[in-house]
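Count residues from 1 along the sequence.
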Amino acid sequence: MGQPTGDFRQESVRPRTGELVSGDLLVTVGSTDGSEARPCPDDWRPRPRRVQRGDLSRAPMGPSPAVGPLALGAGPADLPLLDRERDVAQLLGKLAEGRSIRLVGQAGSGRSALLSAVAAAAGELAPDGVVQLCGHRRNSADLLQALFSATHHAPGFRPDPKQLARHLATVGAVVVVDEVESAGEELEALLAAAPDCAFLVSVAPDSPALALDSRLEDHLVAGLSRPACLALTARLAGRALDEAERAWAVDLWFESEGLPLRFVQAAALLRQRDVAVDALVAAEEDRRGVFGAVEHPVVDEDPAVREAELRRTVPLPTVAESAAPALRLAEGLSESAQAVLRLSVALGGECPTAPHLPALIDVGQGESALHELADCGLAVSIGGHHRLTAGALELLEPHWPAADSTRGAATHFSWWVGHSSVSTEQVAAEAEVVIGAMLADRAAKRPEAVLRLARAAAPALALALRWGAWERALQLGLEAARAVGSGPDEAWFHHELGVYALCRQTPERAVAELEAAVGLRVALGEQRGTAAARRMLDLLRTDTLALTAADGDLPVVTRRPVIRAIAQVPWRFGMIPKGGGRSRTVMAASAAVLALGVLGTAVGLSVAGTDTPRGGTPARNGAPDEPGSLTGDFTIPAPSSSGSGEASPTGTDSPSPEASETEASPSPSGSASASPSPKKSTKSPSPGASSPSAPGTTPQPPVVPPVQPTQPPVPSSTPSPTASASPSPSPSPSSTASTSPTP
């Protein structure tokens, strides 16, 4: 990763712009009014191509060609793996059977070194080989995207969950993921997305236990044996241990339970002790060689014997100092390594890559400084950059305040992420460092710097497909905009968060963020920004309607949301007696009249057709609809006093004798549908009177309506024989209206 030429202090911050495809959306990132998504045209849709086995891009855990070589140092990864042959054989056997394993153990137990050893030996186990991923500061969605990018060639494309499942269903590889932060359902979803892959992941020591139905099984990574720890210490110290040092190392082995990281740091303490011994030897030689010295001390002529004698005068670190050696190791570092370490502590444990160090802390030899940190066990290489080892940040942070260590970092990264010579792969490699710079400036009460860096870095992180870091940058920028009191920036971050939620298919959050952006921009008078946010809201509503219709296997019907909201009448059938199917129809029809006056005919008819007979037309109060009729006789029924279904409630129509002969059979719900009668219907009797029987027909039992104490029943008027009747202008619960269609 070469540093771009030019003086960045003379250039303004230029946000990166570009386009990417997210699922079925084409997203334009980095515009002044905010990112914008629209349906992706067919000719813009990517055609992912499977990456052939053995491609360099399939192993993103190591140094990336876009980032440049890293100084790994003389850490455990550079040495032959000690005392792990049995673990490697067990893990390879389980992976060959297609089983997925989770490595658990204490911090510093050597899980990363074991992962690297297994990945190097598992190349022939799966058809698609081995894919190595880094889970540091990445969620499950980022890991799935990284797995897709490692197995498919589709730059600038982030598939949705359905597309990911389709593309990853045919991948059969051993997937090795270091430092997975996801747990529980997210981790299980990661495994389910690639069913033909065998996963080997390492998790944090405090990760929750696995579920009973989990595809994973735990493998404990214990400490090394005592001989292995002594051999590791001697090899890293560069010499054999004397008796005092061996006894000290054995005490450390008992205290640390054989954690390899502790012996890497112990070897660094021994090297610092050797530096002190060398200083004593040099001082003694200077005293002996001083010009004019008369007497010389009596010493052994063998330099090795004399060095051993002087070494015994330098005390070994105590067990307590060996258990937490970060501060003592930091004191023995060179000046440039200490400056890099202070910067890493200020950035939350993230070390920038070497090309950034001269611009941040004026260190000319950044590679040597990183080498020194890794050599003493204070830093480790992961995911293309370095980070501090477990426990180092917690021990050094109280002693090294980070107030001024990151001053100017936001300005540098704001220029760098927008520079045309910087690739999106380089931005992705520095994502954790950029977020660390924002967090450091927020802790130092510099919201202006956070706002400037968030505006510049958010589009770059989006185009780099590091969407977990993109969301984090937007949240930090929104917080900084509120602290500064910048309304336009706050509206911009709300808009970007809405587009992010739209791409992640979380419509509720997208609507909330975009509506907040619209409200702020309307208040500020930003017409173009308001129009852009409203276009996103319209697209979101259209997609929601299409998804709702697709979920119910229904044809897509375009309706206004207000129609659906009003037409949803709260049905309450709890008070209707058994057998009240006809009353249920009447009640639905009466509610349809209320919707009919506001919404139109289509919504009213759809609500009124609750008890439509199969193969017939919707019935209203037991009478068929006339062709071309838009209204009917709908009255709200009163509950019947008896539980029998034979007595109709007040307000229902009494069918004429002629109509009863041609009445259709009852539907399963208990309501009856009528067909047109060739004869004219007679006027319905008034409430309380029995209907006379016509000759040749079966007399109908009288209908006894419930007593209405407050209002006497009013007989209905006879409708015109040539027109459909409409409800009375002043309907009452006891009023009735009966019509029969004209032959």
CD of E425 to CG of L465: how many Å apart, nearest 0.5 Å? 9.5 Å

D87 side chain to H219 side chain, donor-acceptor N/O pair below 3.5 angstrom: yes

Using only atom types and a distance under 3.5 Å, with no angle test, would you say the side chain of T424 pairs donor to acceptor with the backbone of A464? no

Looking at every heavy atom in both F263 and S256, which two are closest together, and how far apart are they? CE1-OG, 3.6 Å

If you take all heavy atoms of A330 and L341, which pair is closest and at what distance? CB-CD2, 3.7 Å

Dump the intermediate steps for side chain to side chain contact (heavy atoms under 4.5 Å, CB included) on E471 and Q475, then the final yes or no. CA-CA 6 Å; E471 180 188 15; Q475 292 174 344; 3.5 Å; yes

What class does the angle between the rings of H167 and F157 fall in, given that below 30° is parallel, 30 to 60° is tilted and above 60° is perpendicular? perpendicular

Closest non-hydrogen atom pair between T406 and A346, with its separation: CG2-CB, 3.5 Å

A side-chain contact here means heavy atoms from C-beta on lying under 4.5 Å apart; do Q426 and W416 qualify? yes

Shortest non-hydrogen contact from A126 to A173? CB-CA, 3.6 Å

Can you tell me how far CG of D128 sits from SG of C197, rounded to the nearest 0.5 angstrom? 7.5 Å

Non-neighbouring partners of E513 that pass side-chain contact (heavy atoms from CB on, under 4.5 Å), sequence neighbours left out: H494, L497, R509

Taking R16 for the side chain and V417 for the main chain, is one N or O donor matched with an acceptor at less than 3.5 Å? yes

Going from CG on L520 to CD on E515, what distance comes out if it is rounded to the nearest 0.5 angstrom? 12.0 Å

Between the side chains of H495 and E490, does any donor sit under 3.5 Å from an acceptor? no

Keeping D142 on the side-chain end and G468 on the backbone end, is there a donor-acceptor pair under 3.5 Å? yes

Taking NZ, NE, NH1 and NH2 as the nitrogens, is one of them in E255 or R262 under 4.0 Å from a carboxylate oxygen of the other? yes

Look at atom CD of E19 and say whether more than 12 heavy atoms of other residues, nucleotides or ligands are closer to it than 6.0 Å. yes

Restricting to non-hydrogen atoms, name the atom on L81 and the atom on A117 that form the minimum distance, rounded to 0.1 Å. CD2-CB, 3.5 Å

Verdict with reasoning, L439 to R472, per side chain to side chain contact (heavy atoms under 4.5 Å, CB included): CA-CA 10 Å; L439 293 173; R472 189 69 173 130; 3.7 Å; yes

Can you tell if the side chain of L26 reaches within under 4.5 Å of the side chain of P39, non-hydrogen atoms only? no

So L343 and P352, do their side chains get closer than 4.5 Å, heavy atoms only? yes

CZ of R342 to CD of E397, rounded to nearest 0.5 Å, is 13.0 Å

Looking at W492, I'd like to know if the NZ or CZ of R455 sits under 6.0 Å from its six-membered ring centre while staying within 45 degrees of the ring's axis. yes

Trace of the side chain to side chain contact (heavy atoms under 4.5 Å, CB included) decision for V434 with M438: CA-CA 7 Å; V434 172; M438 295 185 199; 3.8 Å; yes

Less than 4.0 angstrom from a charged side-chain N to a carboxylate O is my criterion; do D160 and R504 meet it? no

Closer than 3.5 angstrom, by distance alone: can the side chain of W467 be matched with the main-chain N or O of A462 as a donor-acceptor pair? yes

Atom pair CG (N139) and CD (E186), whose distance is rounded to the nearest 0.5 Å: 6.5 Å

Closest heavy-atom pair and its distance - G258, C229: CA-SG, 3.8 Å

Would you check if the side chain of T542 reaches a backbone N or O of D538 as a donor-acceptor pair within less than 3.5 Å? yes

Side-chain heavy atoms of P159 within contact of Q145, under 4.5 Å: yes

Pair S344-E350, side chain to side chain donor-acceptor pair (under 3.5 Å): steps then yes or no: CA-CA 5 Å; S344 302; E350 306 294 338; over 6 Å; no

Do any N or O atoms from the side chain of H385 and from the backbone of C351 form a donor-acceptor pair under 3.5 angstrom? no

Measuring only between side-chain heavy atoms, which start at C-beta, is M536 closer than 4.5 Å to L540? no

Determine, step by step, whether V171 and D196 satisfy the side chain to side chain contact (heavy atoms under 4.5 Å, CB included) criterion, reporting the C-alpha distance in whole Å, the side-chain angles of both residues, the deciding distance to 0.1 Å, and the verdict. CA-CA 6 Å; V171 176; D196 291 340; over 6 Å; no

Do T28 and E36 get their side chains close enough for a donor-acceptor pair, meaning under 3.5 Å? no

Quick check: does any side chain N or O of R102 sit under 3.5 Å from a backbone N or O of L200, one acting as donor and the other as acceptor? no

Got a donor-acceptor contact below 3.5 angstrom from the Q132 side chain to the V176 backbone? no

Ignoring hydrogens and angles, tell me if any N or O in the side chain of T389 forms a donor-acceptor pair with the backbone of G377 under 3.5 Å. yes

Side chains of I101 and F199, heavy atoms from C-beta outward: is any pair under 4.5 Å? no

Side-chain contact, heavy-atom cut-off 4.5 Å: V221 with V104? no

Output the distance between atom OG (S112) and atom CG (L103), rounded to the nearest 0.5 Å. 9.5 Å

Please determine if E217 and K94 form a salt bridge, counting it only when a charged side-chain N lies under 4.0 Å from a carboxylate O. yes

Between T506 and A501, is there a donor-acceptor pair closer than 3.5 Å when you use the side chain of the first and the backbone of the second? yes

Kindly write out the residues that satisfy side-chain contact (heavy atoms from CB on, under 4.5 Å) with A469, not counting sequence neighbours, or none if the list is empty. A431, I435, L461, R466

Under 4.5 Å between any side-chain heavy atoms of L224 and R84, yes or no? yes

S214 side chain to E188 side chain, donor-acceptor N/O pair below 3.5 angstrom: yes

With a 6.0 Å cut-off on the ring centroids, do H356 and F413 count as close? yes

Among K162, R45, R158, salt bridge (charged side-chain N to carboxylate O under 4.0 Å, His left out) partner for D24: R45

